[in-house]
Protein chains: 2
Amino acid sequence: MATTTRTTDRGTAYFPRLAAERLDIALCRASATVARAADAHATEEGLGVGQHLVLQMLDAIGPCSQQTLSEELRIDRSVMVGICDDLEKADHVRRERNPRDRRSYAVTITDSGRRRLSQAQALIPAFLEDTFQALTPAERGQLSALLTKLLRADASGSH
Amino acid sequence: MATTTRTTDRGTAYFPRLAAERLDIALCRASATVARAADAHATEEGLGVGQHLVLQMLDAIGPCSQQTLSEELRIDRSVMVGICDDLEKADHVRRERNPRDRRSYAVTITDSGRRRLSQAQALIPAFLEDTFQALTPAERGQLSALLTKLLRADASGSH
DNA sequence: AACAGACTGTTTGACAGCAGATGATTTTCG
DNA sequence: CGAAAATCATCTGCTGTCAAACAGTCTGTT
């Protein structure tokens, strides 16, 4: 402590003291801050987290609707509109009306999109190392597992 | 699986498959989702997360400036203005100029604020149980500790 | 066939976060 | 002392997300 002897009583370090070892409402702030930090760092690399995840998912499971994308990725429908707009404008995806259900699109990744995705994937390790450098590999695995568990419960809980 | 036999191919459960056990860019979304769920549930109780945290912190460490509040709680200065406005309007805090430094306020919790805080605190256990029911008590502690560790690193990293 | 209800994508309005500027005040330093 | 730099609270403009309303389409029931 007392690494920074600034003006008055800075370095109260209230937040850690509050949250450590005890689950609390402060966790809302904690996860929001973590998400934002990671998000900012990712967009810095040129491809936003949203766009990256969409390309990743399309590449993994094939064409699907914006609805499915936004549900699985926990991105709001209205936000997904903009993400797909941008990706389509950059020619990374195509949007074609599903002939069986003309309400929905069949969003498809293009070759250009696949190339862009592999470029972006190459940057991920460094990005993760920088964002989560405070955690050991084991702790990163823990964090991932815990959040995944919460997500899975959330998905089955609010069907 | 296949708990919901809906229309087409719902229940792909792509996200969990992607993120489990492996730290990934998807974690940005995961923490954002957790934050949002908790956030929504909290405001539902009448007192926003921001106001709640401010009262909690003032009660714990005594009067302090808006600057300190927003730094520790990771809430933007400009947002903190509004939060304190609302709390002051409800007579839950007082804002007095710090006599030693009249640039800053000494934000102080009132008796009314303390009562409101204990009302809100009483709802927390049920809220946490509901939001984090997928995790065991030990896992909740782990999650809390991991996020705290990340926050602490973030705070010291960008001082 | 006709209607009610649900679903998909989109638009709109409200709000948090961030960056930058401002006014009042304090601190630092020549 | 007095000027320059720093700090606190506030405001404004911008971006991104969320919630609600909307139009078009599909499904199920009568």
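Computed from a predicted structure; not experimentally measured. Note that these values count all heavy atoms, side chains included, but never hydrogens, waters or copies made by symmetry. Residue numbers begin at 1 in each chain, while the letters A, B, ... track the order of the sequences.
- Partners of B:Asp91 under the salt bridge (charged side-chain N to carboxylate O under 4.0 Å, His left out) rule, at least two apart in sequence or in another chain, do not exist in this structure.
- Partners of B:Arg95 according to the side-chain hydrogen bond (donor to acceptor under 3.5 Å, both in side chains) rule, which considers only residues two or more places apart in sequence or in another chain, are B:Gln66, B:Asp85, B:Glu88.
- Distances shorter than 4.0 Å separate none of the side-chain N or O atoms of A:Gln66 from OP1 or OP2 on C:dT8.
- Qualifying salt bridge (charged side-chain N to carboxylate O under 4.0 Å, His left out) partners for B:Arg94, counting only residues two or more places apart in sequence or in other chains: B:Glu96.
- For B:Gln121, the side-chain hydrogen bond (donor to acceptor under 3.5 Å, both in side chains) partners are B:His52, B:Gln56, not counting sequence neighbours.
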Polar atoms only, N or O, under 3.5 Å: list the protein pairs with nucleotides 3-5 of chain D and their distances.
none

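- Of all the residues in residues 76-87 of chain B, B:Asp76, B:Arg77, B:Ser78, B:Val79 reach under 4.0 Å from DNA chain C with at least one non-hydrogen atom.
- For A:Ala38, the side-chain contact (heavy atoms from CB on, under 4.5 Å) partners at least two apart in sequence or on another chain are A:Phe127, A:Thr131, B:Cys28.
- With sequence neighbours left out, the salt bridge (charged side-chain N to carboxylate O under 4.0 Å, His left out) criterion links B:Arg103 to B:Asp101.
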Check nucleotides 1-4 of chain C for protein N or O atoms closer than 3.5 Å to its own N or O atoms and list the pairs.
none

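- Under the side-chain hydrogen bond (donor to acceptor under 3.5 Å, both in side chains) criterion, A:Asp111 pairs with no residue at all, not counting sequence neighbours.
- Here A:Asp59 pairs with A:Arg114 under the side-chain hydrogen bond (donor to acceptor under 3.5 Å, both in side chains) rule; sequence neighbours left out.
- Residues from residues 95-106 of chain A placing a heavy atom under 4.0 Å of any atom in DNA chain C, listed by number, are A:Arg95, A:Arg103, A:Ser104, A:Tyr105.
- The pair B:Glu72-A:Arg29 does not meet the salt-bridge criterion, since no charged nitrogen lies less than 4.0 angstrom from a carboxylate oxygen.
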